[in-house]
Every structure is written in structure tokens, then in C-alpha cells.
2 protein chains.
Amino acid sequence: MMALSTKGRYAARIMVYLAIRQGAGPITKYQIAEAEELSADYIEQIMVRLRAAGLVISHRGRKGGFTIGQDPAKITLGDVLAAVEGPIRPAPCLDSYCKREASCPTRPVWEQAVAVLEDLFGRTTIAGMAEQTKAQEGISYSI
Amino acid sequence: MMALSTKGRYAARIMVYLAIRQGAGPITKYQIAEAEELSADYIEQIMVRLRAAGLVISHRGRKGGFTIGQDPAKITLGDVLAAVEGPIRPAPCLDSYCKREASCPTRPVWEQAVAVLEDLFGRTTIAGMAEQTKAQEGISYSI
DNA sequence: CATGAAATACATCATCTTTTCTGTTGCATT
DNA sequence: AATGCAACAGAAAAGATGATGTATTTCATG
């Protein structure tokens, strides 16, 4: 329960991938697809949303591809998830009018769930996530 | 994103409903259905899972219905959600083998999300949720 | 027994997610 | 200018899940 869709999970991995390769020029969706074992067509759809949010920059034509749109230390996981999946909503009643609102025994907990998740995802940066991967790769290279 | 299904949300409301009416004898699914504006057929399916977890007790035959299975102060929202929806899993890779496991940049944050949600839901009791509703009903009666 | 209510199983409908496909547009290289 | 690569756009197929309904069975009570 409380699952993210693949869009959110893939987007997070894609952002870390681009963060690690920052400065190496545009990366194509095909490169990402191969490295992360995802469908290039599906990556395309995710990129549309990341680009609209300014999280990645696209470069058309030959030698084109995608680069990260901002400093990875300033992009949070919350930004990425919001861009591709929309706001955190354990219960849909939280953004539509609900006549039980005033007396609903469950509403406060769902609101608290939103708060703790927004806090966690807001504190988690792409740069922070990338560090760990870089460290891992460093180890494997040193063998 | 990160939505609970109706099973979890309805189950929470049903448990609070039964907690408030504790001691008044078995409540039928039709009574719950009318009060909470849910389908009686769907309540039935939710009850199967709540019963299997010992959270409600069913009484067959005439004068039958459902009663709460334990002290509402000892039943947490986490217990209820686990019974009807299964464990909290932002990403499915958390319980299946994943070859990226060791180097995955996203896995730690999904694990942290599970932790903060389990903490929140584990601290929230049915009795606590019921209090609020009782208080609200008290206010409306006093007019 | 007869009755009312839960238990169980199965069928269906709706919605959302995920994936794939087809074509178009823009840019850099030659 | 011509060519090739890669993003862009939209559609639609495929799959999964959620939600609900129907029918039958089992059981406790009067």
C-alpha cells in the first residue's frame, strides 16, 4: 500500500543518473534506457514532465539529449515526485470538498501523513542520493 | 500519489464506528453502510480481512453483526491498514529481490518513508480517532 | 423447523497505470 | 542545402487493480 507509480520511481533514478553525469554534455534517452534498463519511449514521457518543471533541460538535434536543469543539491526528491506524480494524497478527500470534513475521524491522520512525507522528501536531495551511488561506484572501480 | 485504497480508508472509518458503539451489541453491515454511506457488499469484503486479523468479531444468524475485537485503545491505525491493505510499500522492490539493491540510490529513502509512516500509524489508535468524533457529536447534540 | 444475517465465491465493470507505436519538428554536422 | 539524429507530441493498446454486484451456502436464534 501507499505505492508510488513507476513514473515517480523511475524519475528519481533518472535524475540521479543525470546528476552524476553533470558536465558530460547531453545524455540521450537511449543511454538512460540502457543503463537503467527502462523503455526509452517511457523515459520520453517522464522527461516531458521533468522538463515542464525545469528539472531537466532538453537539447534537440544531433548531439542532443538531456542535462540536469538545476544544481542537484537544490533539487529535492519532493520536487521530482511532485513534477511527475502530482501532490502527495493518501486520501483523495484531502483536495476535494468533503461534507464529513469537520467531523471526520480519519482526516487528521492523512494530513499528518502528508506532512511527514513532505518533510522527508523535502529534505532528500538528488545530490545526496547521488553521493551514495558515486561512493559505491568508487568502490567497484578500486578493485 | 501515495494513495491508500478505499479498503484502508473505509476500514479505518468502520473501526471508529464500531469503537464508538462498543457495548451496544452486534452492528450489521447494513447499519454501517447507511451511517457511513458505503456499499454493504463492499463492507462485507473489508470485514473478512478485519475478522481474519482479529480486529472485529462476527456474529452469524439473527441478531448477528460485528463487534470490535479488541480494546480500541490498543488497536492502531497501522494494525487496521496492515490487515486490509498489507504492508506499506512505496516501492515494490522493497520486498522482492533487486539486483540493484546494494547500489540503488533510491532504496534508502523508500525505507525511510516506510519507517516514518509506520511510526505515525503505529502511534494513532482507534480510540484516539474516536474521541475526536465523539467530541464533535457532543457539540452538535448540545445545540 | 423457519428466518435473518454473515460467509464465500464468482462475475463484472470501471479506472488507472504502463507500455508501445506512429509521425513530426528542430538542430548540428557535413 | 542535405542528411541524420534526437527530442516532441499524441494516440492507443495492453495490463493491472480497484470497486461493486450477484448468487449460494452456512450458521445462530426464536
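As a basis for the values below, the full set of heavy atoms in this structure was taken, side chains included, without hydrogen atoms, waters or symmetry mates. Quick note on labels: first sequence line is chain A, next is B, and so on, each numbered from 1. A quick note: this is a predicted structure, and the numbers were derived from the prediction, not measured.
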Hey, what are the protein-to-nucleotides 12-16 of chain C N/O distances that come in under 3.5 Å?
none

>> Below 4.0 angstrom, which residues in residues 22-29 of chain B have at least one non-hydrogen atom near DNA chain C?
In response: B/Thr28, B/Lys29
> Taking only residues two or more places apart in sequence or in another chain, which ones pass salt bridge (charged side-chain N to carboxylate O under 4.0 Å, His left out) with A/Asp119?
Replying inline: A/Arg123
Pull out every protein N or O sitting under 3.5 Å from an N or O of nucleotides 13-16 of chain D, one pair per line with the distance.
none

> Of all heavy-atom pairs between A/Thr28 and A/Gly64, which one has the smallest distance, and what is that distance?
Replying inline: CG2-O, 3.6 Å
>> Strictly distance-based, threshold 3.5 Å: is any side-chain N or O of B/Gln70 a donor or acceptor partner for the main-chain N or O of B/Gly54?
In response: yes
> If every non-hydrogen atom of B/Thr125 is compared with every non-hydrogen atom of B/Pro72, which pair is closest and at what distance?
Replying inline: CB-O, 3.9 Å
>> Taking salt bridge (charged side-chain N to carboxylate O under 4.0 Å, His left out) as the definition, give me every residue that meets it alongside B/Arg89, ordered by chain and number, with sequence neighbours left out.
In response: B/Asp95
> With sequence neighbours left out, what residues match A/Pro92 under side-chain contact (heavy atoms from CB on, under 4.5 Å)?
Replying inline: B/Arg9
> Can you name the nearest heavy-atom pair linking B/Leu50 to B/Ala83, along with the distance?
Replying inline: CD2-CB, 4.5 Å
>> At under 4.0 Å between heavy atoms, how does the protein contact nucleotides 24-30 of chain C? Give one character per nucleotide, 5' to 3', with B, S or -.
In response: -BBBB--
>> For a side chain to side chain contact (heavy atoms under 4.5 Å, CB included) check, start with the C-alpha distance between A/Val80 and A/Ile126, then their side-chain angles and the critical distance, and finish with the verdict.
In response: CA-CA 9 Å; A/Val80 176; A/Ile126 299 301; 3.9 Å; yes
>> Short of 4.0 Å, heavy atom to strand atom, which residues of residues 1-14 of chain A count as contacting DNA chain C?
In response: A/Ser5, A/Thr6, A/Lys7, A/Tyr10
> Nearest-Å distance, CZ (A/Phe66) to C1' (D/dC5)?
Replying inline: 13 Å
> Any idea which heavy atoms bring B/Gly122 and B/Thr76 closest together, and the distance?
Replying inline: O-CG2, 3.2 Å
> How many Å lie between CD1 on A/Ile32 and P on D/dA6, as a whole number?
Replying inline: 12 Å
> Which heavy atom of B/Ser58 sits nearest a heavy atom of B/Phe66, and at what distance?
Replying inline: CB-CE2, 3.7 Å
> Heavy atom of residues 37-49 of chain B under 4.0 Å from DNA chain D: which residues?
Replying inline: B/Ser39, B/Asp41, B/Tyr42, B/Gln45
>> Apply side chain to side chain contact (heavy atoms under 4.5 Å, CB included) to residues B/Gln112 and A/Phe121 and explain how you reach the verdict.
In response: CA-CA 10 Å; B/Gln112 288 172 56; A/Phe121 295 152; over 6 Å; no
>> Against the six-membered ring of B/Tyr17, is B/Arg13 placed for a cation-pi contact (under 6.0 Å from the centre, within 45° of the normal)?
In response: no
> According to the ring pair (Phe, Tyr, Trp, His ring centres under 6.0 Å) rule, which pairs have a member within residues 21-48 of chain B, sequence neighbours left out?
Replying inline: B/Tyr10-B/Tyr42
> If you take all heavy atoms of A/Leu120 and B/Val116, which pair is closest and at what distance?
Replying inline: CD2-CG2, 4.4 Å
> Can you list the residues that meet the side-chain contact (heavy atoms from CB on, under 4.5 Å) rule with B/Arg49, with sequence neighbours excluded?
Replying inline: B/Lys7, B/Val84
>> Any side-chain to backbone donor/acceptor pair from B/Glu85 onto A/Met1? Under 3.5 Å, distance only.
In response: no
>> Restricting to side-chain contact (heavy atoms from CB on, under 4.5 Å), what partner residues turn up for B/Pro26, sequence neighbours left out?
In response: B/His59, B/Thr67
